[in-house]
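Notes follow once the structure below has been shown.
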2 protein chains.
Amino acid sequence: MDREAEIFQSLADSTRLRLLHLLVRRGEICVCELTDALGLPQYNVSRHLRVLQHAGWLSDRKQGKWVYYRIKPELPLYQRTLLAAIAELEKHRHDLKEDAARARQRLKLRRGGLCCVGLVSKIGAATTSKSRNLKPRKVGNTR
Amino acid sequence: MDREAEIFQSLADSTRLRLLHLLVRRGEICVCELTDALGLPQYNVSRHLRVLQHAGWLSDRKQGKWVYYRIKPELPLYQRTLLAAIAELEKHRHDLKEDAARARQRLKLRRGGLCCVGLVSKIGAATTSKSRNLKPRKVGNTR
DNA sequence: AATATATATGCATAATAGCGCATGTGAGCA
DNA sequence: TGCTCACATGCGCTATTATGCATATATATT
């Protein structure tokens, strides 16, 4: 598969569209926030992020235990056009609005720019629960 | 796979990007013309066209033995934005320019709006050769 | 040093996609 | 009526992909 087909391939998955959509809307978001916003297992989110990054969409930044992802700045025009199409998708898909709402709530919990400092007792967020890789309980309805 | 992921999936293939690109540029084109422009076996082109049509990109029109495909008019905004991205791709991919050049030559041969009237002896076009489904000999260089 | 948390990944499996080949279908023409 | 041509499709094969589970890695924290 050539380069451009790979880029389109990276968009050919509902989870990845949801991730990109959130990153387009909200800027830099860490994995645990994305995991909570989407209500999917962490390993799942992590792997889809890797696909998106490999396709050239994302850059990441490690800070402490967390990894923040964002849309790579300076994308070629056709990729920015594709992102515009994804943003436009929100008008067709209610689930993207729900993702955005959950993300908004989750991002409120940041303290000093950090994504989840001492959240365990506060909200019982999925990724900070005791059991590892437990499918997080749904924050809202997930389609 | 939901609707939008299916639409992106339909773009995640090099052959389909080439087909869409030609249809965006040239309007209505019949299968044999597309087959010659791409230099691929007819059954291959036919199947990819079906995928694109199923994803909602194309409408077709039968005329005699031929089937003409074109981009469906009145696509939702985000799909038109996607087509804009595909058109923009030409600046990154030389092969799309080559497709366009071969298509231009092939479309010149139309007579009275028909795609290939009595072309057999004239150009020995791939799809009009004696043997069925023989891989067409290359019209130009095909990557 | 031991433990807990955030993230990534190896492995097995099931689902899917593309391709080549042969053949079916339907229209036009001799 | 039979043949040819344009197009479509069923079948078998192979390659790729998504997912769940378990676990590795790395960075705090105690």
Side-chain angles (χ1 to χ4, degrees), chain A residues 1 5-6 8-17 19 29-36 40-55 60-69 114-121 124-136, chain B residues 1-2 5-6 8-17 19 29-36 40-55 58 60-69 114-121 124-136:
Chain A
M1 188 157 53
E6 181 193 356
F8 281 102
Q9 174 67 35
S10 73
L11 304 180
D13 178 277
S14 172
T15 301
R16 292 197 290 270
L17 285 180
L19 288 169
I29 316 183
C30 88
V31 179
C32 64
E33 290 166 334
L34 289 167
T35 299
D36 284 346
L40 291 175
Q42 174 270 324
Y43 58 78
N44 216 322
V45 171
S46 190
R47 260 200 283 245
H48 282 298
L49 285 170
R50 200 162 80 85
V51 172
L52 287 173
Q53 193 170 35
H54 189 263
D60 62 0
R61 175 176 69 88
K62 292 185 211 312
Q63 172 154 2
K65 291 184 290 188
W66 302 288
V67 179
Y68 293 81
Y69 285 90
L114 294 176
C115 68
C116 35
V117 182
L119 281 182
V120 185
S121 55
T127 52
T128 55
S129 66
K130 291 292 186 294
S131 51
R132 292 159 52 112
N133 285 335
L134 205 56
K135 187 169 250 172
Chain B
M1 187 156 52
D2 55 36
E6 181 192 356
F8 282 101
Q9 174 69 38
S10 74
L11 305 180
D13 178 278
S14 174
T15 301
R16 291 196 290 268
L17 285 180
L19 287 169
I29 316 183
C30 89
V31 179
C32 64
E33 290 166 334
L34 290 167
T35 299
D36 284 345
L40 291 175
Q42 174 268 324
Y43 58 78
N44 217 322
V45 171
S46 190
R47 261 200 282 244
H48 282 298
L49 285 170
R50 200 162 78 85
V51 172
L52 288 172
Q53 193 170 35
H54 189 263
L58 307 180
D60 63 358
R61 176 175 68 89
K62 293 184 210 311
Q63 172 153 2
K65 291 184 290 188
W66 301 289
V67 179
Y68 293 83
Y69 284 90
L114 293 176
C115 68
C116 35
V117 182
L119 282 182
V120 185
S121 54
T127 51
T128 55
S129 66
K130 292 294 186 294
S131 50
R132 290 162 52 114
N133 286 334
L134 205 55
K135 186 170 251 174

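Computed from a predicted model, the values in this text were never measured in an experiment. Proteins come first, then strands; the chains are lettered A, B, ... in the order of their sequence lines, and each starts at number 1. Computed from heavy atoms alone, side chains included, the values below leave out hydrogens, waters and symmetry copies.
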Checklist entry - For A:Asp60 and D:dA26, what is the distance between atoms CG and P respectively, to the nearest whole Å? => result 15 Å

Checklist entry - Taking atom C1' of D:dT25 as reference, at what distance in whole Å does atom CH2 of A:Trp66 sit? => result 17 Å

Next on the checklist: Would you say A:Arg50 places a side-chain N or O within less than 4.0 Å of OP1 or OP2 belonging to C:dA8?
Outcome noted: no

Item to check | Whole angstrom value for the distance that separates P of C:dT5 from CD of A:Glu33 | outcome: 18 Å

Checklist outcome for this item: Those residues at least two apart in sequence (or on a different chain) that pass side chain to side chain contact (heavy atoms under 4.5 Å, CB included) with B:Ser46 are B:Gln42

Next on the checklist: Here's a test of your reading of the structure: between A:Lys65 and B:Val67, which maps to the more 5' nucleotide of DNA chain D?
Outcome noted: B:Val67

Item to check | From CG (B:Leu19) to NE2 (B:His48), nearest 0.5 Å | outcome: 7.5 Å

Checklist entry - For the atom pair CG (A:Leu52) and OG (A:Ser10), what is the distance rounded to the nearest 0.5 Å? => result 5.5 Å

Item to check | A:Leu49 CG to C:dA6 P, straight-line distance once rounded to whole Å | outcome: 16 Å

Next on the checklist: Regarding A:Tyr68, tell me which of base, sugar-phosphate or nothing describes its non-hydrogen contacts under 4.0 Å with the strands shown.
Outcome noted: nothing

Checklist entry - Roughly how many Å is it from NZ in B:Lys62 to P in C:dA27, rounded to a whole number? => result 9 Å

Checklist outcome for this item: To the nearest 0.5 Å, atom CG of A:Leu114 lies from atom NZ of A:Lys65 at 10.5 Å

Next on the checklist: On the nucleotide C:dA8, are OP1 or OP2 found under 4.0 Å from the side-chain N or O atoms that A:Tyr69 carries?
Outcome noted: yes

Checklist entry - In whole angstroms, how far is the P atom of C:dA17 from the NE2 atom of B:His54? => result 11 Å

Item to check | From CD (A:Glu6) to CG (A:Leu11), nearest 0.5 Å | outcome: 10.5 Å

What N/O pairs connect the protein and nucleotides 15-19 of chain D at under 3.5 Å? Give each pair on its own line.
unit_1, atom_1, unit_2, atom_2, d
D:dA18, OP1, A:Arg16, NH1, 3.1
D:dA18, OP1, A:Arg16, NH2, 2.7
D:dT19, OP2, A:Asn44, OD1, 3.2
D:dT19, OP2, A:His48, NE2, 2.6

Checklist entry - To the nearest Å, how far apart are A:Gln63 CD and D:dA28 C1'? => result 13 Å

Next on the checklist: Rounded to the nearest 0.5 Å, what separates atom CG in A:Leu17 from atom CG in B:Asp2?
Outcome noted: 7.5 Å

Next on the checklist: What I want to check is whether an N or O donor and acceptor connect the side chain of B:Gln42 with the base of D:dA6 at under 3.5 Å.
Outcome noted: no

Checklist entry - Hey, what do you get for CG (B:Leu34) to OH (B:Tyr69), rounding to the nearest 0.5 Å? => result 9.5 Å

Checklist outcome for this item: A:Leu52 atom CG is separated from C:dT7 atom P, nearest whole Å, by 16 Å

